[in-house]
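Have a look at the structure below, then the notes.
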Amino acid sequence: MRRYGKHTDEDDIRSRPNRKGNRPRTNIRPKHEDAAEGMVLTVDRGRLTCLVEDRVVMAMKARELGRKAAVVGDRVALVGDLSGAKDTLARIVRIEERTSVLRRTADDDDPYERVVVANADQLAIVTALADPEPRPRLIDRCLVAAFDGGLEPLLVMTKSDLASPDKLLELYGALDIPYVVTSREELESGGAADRVRAHLDGKITAFVGHSGVGKTTLVNALVPEERRRMTGHVNAVTGRGRHTTTSALALPLTGAGGWVVDTPGVRSFGLAHVDPSRVIHAFPDLEPGTEGCPRACSHDEPDCALDAWVEEGHADPARLYSLRRLLATRERTEGD
Ligand SMILES: Nc1nc2c(ncn2[C@@H]2O[C@H](COP(=O)(O)OP(=O)(O)OP(=O)(O)O)[C@@H](O)[C@H]2O)c(=O)[nH]1
Ligand SMILES: [Mg+2]
Ligand SMILES: [Zn+2]
């Protein structure tokens, strides 16, 4: 068990950067020296399911953490009953510094940003080729969130048994972003899991996308049943008898390691928290064309060099249209 909080020197404590807000560090009390390291697997109304060594431990946040919330993927320090026995409850006394943060707002005006997952290395943006129809705007927004949050994107196109991936590949194939296309048959044969799996080893990958695109189906194909049962997590069944995911859930991969994080389907992916000047980074196919732009170009103004550059055939005009649309919705909300 890794131990925390063994400070011998007062100066050392004071000089450490305090990234947990403005509160003084309170974790120097002796009992926290026994804190164990854990990872948050899922959160349900203040109850956090954590993995501590190989035990699933239920926990709640200690009061001293204040308003800071622990989210799925967080590395936390826990004290109290860590046995994982039924009806026991441990306390989370510290949230470790995050290596990445995937944020989202409900829409572009929403001042309330939620952290979807912490510490993920990769964002698997899942799109069905049909049922539901692909929505390139949502893909673009997820790409922006990935670049902004420090996650590598991976495109997963499901249900190729229902429609061809050609149109989407025309748009996104040129982006130098890894992608996988899967079908019902390949899910059943195990081929889909194998090909997705090749992109996941050793990484923490969050799966996001519209409801019904097949995120949970894919995650279930990737993670053996015993592992899923480990969390005792049961998804709600909707009135139509469909299983829809209601909260994010992290599951460990076997073999080369890594984690997959299933998340609830989204209708929109608000980007109120993203600086508009950073949006262009999610359009790597267009970015080289901005070299001729005036200084501090918004890329949505008459002098922008992208129009001429795209006209010369360097990129798909549909991509420039996507960029402009995204920038326009972002700007409208910036104005007021
Ligand atoms: N035809 C076809 N159907 C699929 C495929 N993958 C998943 N489905 C079906 O799509 C439906 C929705 O799948 P889910 O895995 O629940 O979708 P989800 O993205 O987790 O949805 P939410 O949890 O609501 O966000 C299910 O009926 C799956 O059986 C596929 O490759 N082809
Ligand atoms: Mg689901
Ligand atoms: Zn420009």
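Atoms within a ligand are numbered from 1 in the order they appear, just like the ligands themselves. For reference, positions follow the sequence shown, starting with 1.
Electrostatic pairing of Arg135 and Glu133 does not count as a salt bridge here, judged by no charged N lying under 4.0 Å from a carboxylate O.
In summary, the atoms of ligand 1 found under 4.0 Å from a heavy atom of Asp161, numbered by their order in the structure, are 1 (N), 2 (C), 30 (C), 31 (O), 32 (N). For ligand 1, the atoms sitting less than 4.0 Å from at least one non-hydrogen atom of Val213 are 17 (O), 19 (O), numbered in the order shown with element in parentheses. Heavy-atom proximity to Thr217, at under 4.0 Å, picks out these atoms of ligand 1: 7 (C), 13 (O), 14 (P), 15 (O), 28 (C). If you number the atoms of ligand 1 from 1 as listed, the ones under 4.0 Å from a heavy atom of Thr244 come out as 22 (P), 23 (O), 24 (O). Atoms of ligand 1 lying under 4.0 Å from at least one heavy atom of Gly265, given by number and element, are 25 (O).
In terms of polar-atom proximity, Asp262 is not counted as a contact of ligand 1, lacking any N or O under 3.5 Å from an N or O of the ligand. Geometrically, ligand 1 and Ser160 share no nitrogen or oxygen pair separated by less than 3.5 Å. Residue-to-ligand polar distances keep Thr263 apart from ligand 1: every N/O pair is separated by 3.5 Å or more. The shortest N or O to N or O distance between Leu162 and ligand 1 is not below 3.5 Å. Residue Lys215 has at least one nitrogen or oxygen atom sitting less than 3.5 Å from a nitrogen or oxygen atom of ligand 1, judged on distance alone.
Rounded to 10°, the angle formed at the Zn ion (ligand 3) by His299 ND1 and Cys304 SG is 110°. Put simply, the angle at the Mg ion (ligand 2) from OG1 in Thr216 to OG1 in Thr245 is close to 80°, to the nearest 10°.
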- Under the side-chain contact (heavy atoms from CB on, under 4.5 Å) criterion, do Asp316 and Asp285 qualify, and how do the steps go? CA-CA 9 Å; Asp316 188 338; Asp285 49 335; 5.7 Å; no

- Begin from the C-alpha positions of Val181 and Leu129 and carry the test side-chain contact (heavy atoms from CB on, under 4.5 Å) through to its verdict. CA-CA 9 Å; Val181 181; Leu129 294 163; 4.1 Å; yes

- Query: Do Thr245 and Lys215 pass the side-chain contact (heavy atoms from CB on, under 4.5 Å) test, and can you show the C-alpha distance, the side-chain angles, and the key distance before you say yes or no?
  - Reply: CA-CA 9 Å; Thr245 308; Lys215 298 179 293 297; 6.0 Å; no

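Residues Asp44 and Met58 have side chains not in contact (no heavy-atom distance under 4.5 Å, counting atoms from C-beta outward). Side-chain contact between Lys167 and Pro134 is absent, with no heavy atoms from C-beta onward closer than 4.5 Å.
Thr217 lies apart from the Mg ion (ligand 2) in this respect, since none of its N, O or S atoms is found at a distance under 2.8 Å. Residue contact annotation: Thr263 places no N/O/S atom under 2.8 Å from the Mg ion (ligand 2).
At a 4.0 Å heavy-atom cut-off, ligand 1 touches Ser183 through the backbone alone. Contacts of Leu218 with ligand 1, taken as heavy-atom pairs under 4.0 Å, are absent altogether. Counting heavy atoms under 4.0 Å from ligand 1, residue Leu187 touches it through the side chain alone.
Using modelled atom types, no side-chain atom of Asp161 and backbone atom of Ser183 make a donor-acceptor pair closer than 3.5 Å.
Ala90 is linked by a side-chain contact (heavy atoms from CB on, under 4.5 Å) to Val57, Ala59, Leu78, Leu82, counting only residues two or more places apart in sequence or in another chain.
Screening Phe269, Phe283, Tyr172 against Leu143 for a side chain to side chain contact (heavy atoms under 4.5 Å, CB included) leaves a single residue, Tyr172.
To the nearest 0.5 Å, atom CZ of residue Arg103 and atom CD of residue Glu113 are 5.0 Å apart.
The nearest pair of heavy atoms linking Ala248 to Pro264 is N-CD, 3.8 Å.
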